[in-house]
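Just so you know, these numbers use all the heavy atoms, side chains as well, and skip hydrogens, waters and symmetry mates. Fair warning: this is a prediction, and the values are worked out from it, not measured in the lab.
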Amino acid sequence: MKVLVFAEQREGEFRKAALEACGAGRRLAEGGELVGVVIGRGASAAAPKLAAYGPDRILTVEHPQLELYSTEGYTTALEAAIKQEQPDAVLIAGTATGRDLGPRLGARLGVPVLADVINLSWNEGKLAAVRPIYAGKLHLSVRSQAQPGVATTRPKAFPAGAPDPGRQAQISPLEVELAPDAIRARVTQMHSEAEGTIELTEADIVVSGGRGLKSHENFKLLEELARTLGAAVGASRAAVDSGWRTHGDQVGQTGKVVSPTLYIACGISGAIQHLAGMTSSKVIVAINKDPEAPIFKIADYGIVGDVFEVVPALTEAIKAMK
Amino acid sequence: MSEPVAPADDKLKETIEDKLYLVKYKPDKQSHIEVIQEVFKADKLKVVLYICPAKVYTLNEETGECLVNHENCLECGTCAIAAPEYVKWRYPRGGFGVQYKLG
Amino acid sequence: MSDSEKFDCLVVGAGPAGISAALALARAGIQVAVLERGEYPGAKNVMGGILFTTVLNKLLPEFWKQAPVERHVTQRRFSMLSRDGEVALDFRTGAYNEPPYNHTWTVLRSKFDRWFAEQAEAAGVMIVPGMMVSELLVENGKVVGVKTEPGGDELRSDVVISAEGVNSFLAEQVGLRRPHDPRHMAVAVKEVIALPASVIEDRFRISGDEGSAWEVFGQAVQGTFGSGFVYTNKDSISIGVGSTIHDMTRHRLNPNEVLEQFKRHPAIRPLVRGGETLEYAAHMIPEGGFTHLPRMVMDGLILTGDAAGLVNASHYHEGSNLAMASGLYAAETVVEAKRRGDFSAATLSQYANKLEHSFVLQDLRKFQRVSAYFNENPHTLRDYPDVMVRLLSDYFTVSEKPKAEIEKEVIRKFRSEIGVLNLVKDVFKIGRAMR
Amino acid sequence: MNILVCVKHVPDTEAAVKIAADGKSIQTQDVNFVLNPYDEYAVEEALRLREARGGEVTLLSAGPEEAKKSLRTGLAMGADKAVHLVCAHRHDTLTLARALAAAAGQIPFDLILCGKQAVDDDEAQLGVMLAEALSLPSVSAIVKLEVLDGKAVARREVESGLEVVETSLPAVFTAQKGLNDPRYPSLKGIMMAKQKKIEEIACAQSDSQVEILDLAYPKSRSGGKIVGQGAAAVPELVRLLHEEAKVL
C-alpha cells in the first residue's frame with residue numbers, strides 16, 4: 001500500500017503529532033511506500049530530519065505564497081502531491097492546522113475524511129479507522145468507500161516510533177502553481193503564548209486544577225509543579241468558568257481532549273464532562289480532599305488530602321529526585 | 001462483531017456525591033441561593049449542613065462561613081423552610097438547574 | 001405576536017395540575033399558554049411513583065394504551081420496620097388486572113409529564129419551557145399577568161392558574177398563604193434503581209405488567225413522622241423515604257442517610273441487591289392537609305395542585321390525582337368566568353366549591369387529624385414497631401417451654417411495655433384521626 | 001449584512017449515550033436533544049453582527065423532523081428565518097456539506113457561520129467542507145470576528161497561540177468556545193419562534209461514502225489505589241509513578 005503523510009512543520013521544526021502520523025503511516029503502508037509531504041517556509045531544510053521517522057520519499061513544496069499556513073494554499077499544494085503520487089491513503093496529523101486542512105482537502109478531492117482517528121487499518125482494501133465520538137463516550141469504527149482514504153490522526157493516539165538516524169529518504173521538490181489571488185484567507189499575525197509553555201494536547205504530562213484550587217493565584221502551585229515536570233497546565237470547567245484560567249486551558253468535553261502519559265488532577269472532583277477530556281490518559285493521578293470524589297474512581301493513584309499541602313510536597317519530591 | 005456491552009461499574013450508589021454524579025444539571029453561573037453569613041455564623045444548629053439532600057451547603061472551617069454549591073441543588077426547597085432566617089432560596093432561572101430524566 | 005397580545009389564561013407549571021387545566025381549557029376553545037421553568041416538561045418533576053388515574057382516565061380515556069406508564073398496581077403492602085424486623089399487611093388481588101386497572105399505576109414523572117404535556121400541545125396548548133415565572137403582575141389588587149426569568153419579559157392574561165408546585169412562591173407573593181411550616185412540609189428523597197424485569201417480578205411475586213407498592217413505616221425513617229416506599233417500575237424500582245422537615249431536623253438526620261439506612265435494612269436490602277442506581281431526586285410534599293390550606297383564589301388567580309396544598313398525606317399518599325382534579329376544576333371555572341367576562345374572586349370562588357363537593361376536599365377533611373395526631377404522638381411510630389416485633393419474636397421463638405406459658409409471658413410483657421390502656425387509646429386516636 | 005448559520009440538533013452533552021440494538025447507532029429515546037453548543041456561539045455571533053450592521057439571519061439545518069426543535073431554539077434567540085433540509089437518511093459529512101451548499105445557493109448571504117464541531121460525531125469538518133463546496137474561503141475555530149467593508153479579520157486558536165486571519169467576504173467561519181457568551185431566548189422570542197414558519201427543502205438521498213462497521217464502548221478505567229492521606233503520601237506516590245507506572 002502507498003501512504004502519503006502531510007508532515008506539518010513550523011520554522012523547520014516538525015510537530016510531534018506529525019511524527020506520530022508518520023509512524024502510523026509507516027505501519028499502514030505495510031512494507032509499501034510511505035511518502036512525506038513538507039510544505040512551507042523551511043520545508044527543504046527540514047526534510048532530512050523527517051527521514052529518520054520512516055518516509056521512503058519526501059516531497060517538499062516551497063512557494064512565496066506558502067510561507068505561512070493557509071487553508072487554500074496548503075490544500076492546493078497537498079492536492080498536487082496527491083495527484084502526482086496517487087496514494088491509497090492520506091494521513092494528516094489532527095492538530096489545529098490538520099483539522100482545518102483535512103476537510104478542505106477532502107472536499108477538494110471529493111472524498112470523505114475520517115476525522116480524529118485513534119486507530120487505522122485496512123478493511124477489504126479500504127481505509128478503516130476507529131474514532132471517538134460523543135467526546136469519547138463511544139468508539140465508532142468506520143470504513144471509507146473512497147480512494148484515497150483520508151484521515152486526520154488524533155495527537156498522542158499513535159506512537160511516533162524512535163527515530164532511526166540511519167534511515168535515508170529520497171527528497172525532491174514539488175512545483176505547484178498558485179495564482180496571486182488564489183489565497184483569500186491569510187494569516188497576517190501570530191500571537192504566541194509565552195516562550196516555553198507546552199501545548200496541552202501535545203504534552204506528555206498534564207497538571208490540571210479545578211474548583212479545589214479556590215483562586216486564580218493558587219494556580220501558581222500547579223505552574224511550579226508543571227515546570228518541574230515539564231508539563232502543561234490544564235483546568236476544569238469549574239476553574240475556567242470561575243475566571244481562574246482562560247478557556248484555552250480547559251480540559252473536557254467542551255474544551256480540549258488530552259491523552260498524556262501522566263495526568264495529575266488537583267482539586268478536581270471529576271464531573272463527567274471533565275472525564276470525557278482526559279480518561280484516555282495513560283496514567284491518572286488524583287489529589288483531592290474529598291475521598292468520595294468521582295475522580296478517584298478512574299484514577300490509577302490517588303492521594304486524599306489538601307492540594308495546598310500535597311502539591312508543593314510533590315513538587316519538592318520531584319525536584320529532589322532530579 | 002461483538003455485542004455491545006455497557007461498561008462495568010459499581011452500580012448501587014450510596015453517597016450523595018456518587019448519586020449527584022448521576023443527576024443531570026444545566027448549571028447557571030449566577031447562584032439562585034443566598035446565605036446571610038452573619039446569621040448563619042451565629043446559629044448553633046446550622047441545620048442546612050445536614051438537612052440538604054444534595055450537600056449544597058458546607059462549612060468553611062477557617063472562616064466559619066457557609067459555602068454554597070448551588071450547582072448541586074436538586075431544587076426541593078427544604079433549606080428555605082428549615083432555615084428561613086439565613087437561607088434565601090429561589091428557583092434557578094428558567095431552563096437552568098436540575099434536569100431529571102426519570103423524576 | 002405583538003406586545004399587546006394577551007392570553008385568555010396563563011398556566012404556571014407543566015405538572016399534572018397545570019397540564020390538566022391547560023388541556024381542558026384548550027378543548028373548550030380558551031387560548032392558553034403554559035410556562036414551565038424546566039428545559040422540558042418533567043425536568044423538575046418528582047414523586048414517589050404511584051399515580052392514581054381516575055381523573056386522567058376522564059381526560060384521556062384508556063391513556064394506558066399510549067402513555068409511558070410503568071406497571072398497574074395489583075399488590076399493596078403496608079409494614080412497620082423495627083431495627084431488624086418487620087410486621088406487614090400484604091394484600092393482592094387479580095381483580096386489578098382488568099381495565100381500568102384499579103386506576104393505580106407506577107410512573108416515572110419526567111417521562112410521564114413530558115408525554116402528558118405533548119397531549120396538551122396537540123390539543124392546541126402553547127407550552128413554553130425554560131421560562132420561570134418570577135412574579136405575578138398585580139394591578140389594583142388583581143392579578144393581570146406574569147413576569148418571567150430569564151429576560152424579565154411580562155405577559156398578560158385575564159386569569160392565571162398557578163400550578164407551580166410545592167414551593168408556591170407566587171401564592172406567597174400575593175398573600176394567599178403564610179410561610180411554610182416545617183411540621184407540615186415533608187422532604188423526600190428517592191432513587192430509581194435498575195433491575196431486570198424478571199428479577200423484579202420474582203422479588204415482588206408479580207408477573208406481566210403487574211406492579212407492587214410498599215409503604216413502610218417506623219424504622220424505615222428512623223421512627224420519624226414519615227415513611228419509606230418501594231414501587232416497581234417496568235425494569236427499575238423507585239425507592240425512597242420522606243419525613244417532615246421538623247422531625248428530620250429535630251433528629252439531625254440527613255435525608256440521604258435515612259434512605260441508605262432504609263436500603264440497608266434486612267427487610268429491604270434483598271429488594272435492591274445487584275441493582276444499578278439510575279437517578280437520585282429530592283422533593284418536598286405539602287402535608288398540612290385540610291387544616292392548613294391556603295386561600296385558593298383571588299381576582300385573576302387560581303391555585304391548584306401542590307401549590308394549593310392538595311395532598312392526601314395519609315397512607316394513600318395521593319397528590320397527583322388531586323392535582324389533576326384541581327386543574328380540571330380550575331379550567332371549568334375559567335371557562336365559566338370567560339363566559340361571564342368576569343375573573344373576579346367572586347366568580348373564581350366556584351373553584352373552591354367544586355373542590356368542596358368532590359373527593360379532593362372530602363378526602364382531605366377525612367384525614368385532617370392524622371398529621372396532628374402523629375405530630376403530637378411521635379412514640380407511635382418510634383416505639384410500637386420495636387415492641388411489636390419483639391413480642392412476636394418471643395411468641396414465635398421455638399423452645400420446649402409450654403406454649404401456654406409463652407403466651408402468658410408475651411401478654412405480661414405487652415402489658416408492661418405498652419400498657420393496654422395506652423394502646424387502646426392510641427388505636428382509638430388514630431381511628432378518630434382517620435374518620 | 002445577511003448571515004447564514006448552519007446548526008445541528010444533537011444529544012445533550014451530559015446525556016449518557018447508549019448503543020442501540022442495531023449496534024451502529026445510539027438509543028435516542030429518553031435522550032434530550034439540544035441545539036449544538038458550538039452552533040449557539042455561531043447564532044449569537046450572527047445576531048450581534050445583524051444588530052450592528054442590519055440584514056437578516058437565516059438558520060439552516062439538515063436532519064430529521066426533530067431538527068426543527070433546534071431551529072426553533074435559534075429563532076427564539078432572535079434569528080429571522082429558518083430553513084430545514086429534511087433528511088432522515090444518514091450522510092457522510094462531505095455529502096451533507098454539498099447538500100447544504102446547494103440549499104445555501106437559494107438563500108442570499110454575505111457570510112456563513114457554523115459551530116466548530118457538532119458534539120455528537122465530533123468531526124469538526126462540516127464548515128470547512130461547506131466552504132470548499134461553495135468555493136469560499138474559510139476560517140475555522142475562531143474566537144474573535146471583526147467584519148469590515150468587504151473583508152473580515154478573525155482570530156483562530158492554534159496550539160501555543162492565536163492566528164490573526166484576514167479574509168475576503170463572503171466566507172465561512174466556524175465558531176469556537178470563547179467567541180461570545182450566547183444569549184438565552186426571551187419569552188417573547190420563544191413565543192414568536194413558535195409561530196414562525198420553517199421553510200422545508202427536500203434532501204436528495206445518496207449513499208454514504210463512510211460505512212459504519214461497529215460502535216462500541218471504550219474500555220472503562222477501573223479505579224486504582226488510594227496511595228495515602230496528605231503530604232505524607234507523596235514519597236510513595238513518586239515511587240509508584242517511577243517504579244510501577246514508569247512515567248517519571
Salt-bridge present (D:E157, A:R99; N to O < 4.0 Å)
no
Could you look at D:I26 and say if it's the side chain, the backbone, both or neither that has a heavy atom under 4.5 Å from chain A?
side chain
Part of D:I226 within contact of chain A (heavy atom distance under 4.5 Å)
both
Heavy-atom pairs under 4.5 Å with chain A - which of D:A152, D:P37, D:P11 has more of them than the others?
D:P11
With rounding to the nearest 0.5 angstrom, report the NZ to OG distance, D:K219 to A:S280.
12.0 Å
Is it the backbone or the side chain of D:A131 that comes under 4.5 Å from a heavy atom of chain A, or both, or neither?
both
From A:D300 CG over to D:L240 CG, what is the distance, rounded to the nearest 0.5 angstrom?
10.5 Å
So how far is it from D:T167 OG1 to A:I183 CD1, rounded to the nearest 0.5 Å?
11.5 Å
Under 3.5 Å, is there a donor on one side chain and an acceptor on the other for D:S138 and A:R104?
yes
Rounded to the nearest 0.5 Å, what separates atom CG in D:L248 from atom CG in A:L229?
6.5 Å
Residue D:D120 versus chain A: region with a heavy atom under 4.5 Å
both
For A:A146, is it the side chain, the backbone, both, or neither that has a heavy atom closer than 4.5 Å to a heavy atom of chain D?
both
Can you find a heavy atom in the side chain of D:Q209 that is under 4.5 Å from one in the side chain of A:S144?
no
I'd like to know whether A:M190 forms a side chain to side chain contact (heavy atoms under 4.5 Å, CB included) with D:V158, so could you lay out the CA-CA distance, the side-chain angles of the two residues, the decisive distance to 0.1 Å, and finally the verdict.
CA-CA 10 Å; A:M190 273 292 299; D:V158 296; 4.2 Å; yes
Could A:R15 and D:E159 be called an ion pair, given the rule that one side-chain N must be under 4.0 Å from one carboxylate O?
yes
What part of A:H247 gets closer than 4.5 Å to chain D, counting heavy atoms only: side chain, backbone, both or neither?
side chain
Under 3.5 Å side-chain donor-acceptor pair for A:Q145 and D:E211:
yes
Would the distance check show the side chain of A:R108 and the main-chain N or O of D:A133 forming a donor-acceptor pair, the cut-off being under 3.5 Å?
no
From the list A:T97, A:D100, A:T71, side-chain hydrogen bond (donor to acceptor under 3.5 Å, both in side chains) with D:S140 holds only for A:D100
Short question: side chain of D:Q125, backbone of A:V113 - any donor-acceptor pair under 3.5 Å?
yes
Testing the 3.5 Å rule here: is there a donor-acceptor pair between the side chains of A:Y301 and D:E236?
no
Determine yes or no for a side-chain-to-main-chain donor-acceptor pair under 3.5 angstrom, with D:D122 supplying the side chain and A:A135 the backbone.
yes
Report yes if the side chains of A:M321 and D:V238 come closer than 4.5 Å at any heavy-atom pair, otherwise no.
yes
Using non-hydrogen atoms only, which part of A:K282 is less than 4.5 Å away from chain D: side chain, backbone, both, or neither?
both
Would you give the length of the straight line joining atom CZ of A:R131 to atom CG of D:D121, rounded to the nearest 0.5 angstrom?
6.0 Å
For the atom pair CD (A:E309) and CD (D:Q229), what is the distance rounded to the nearest 0.5 Å?
10.5 Å
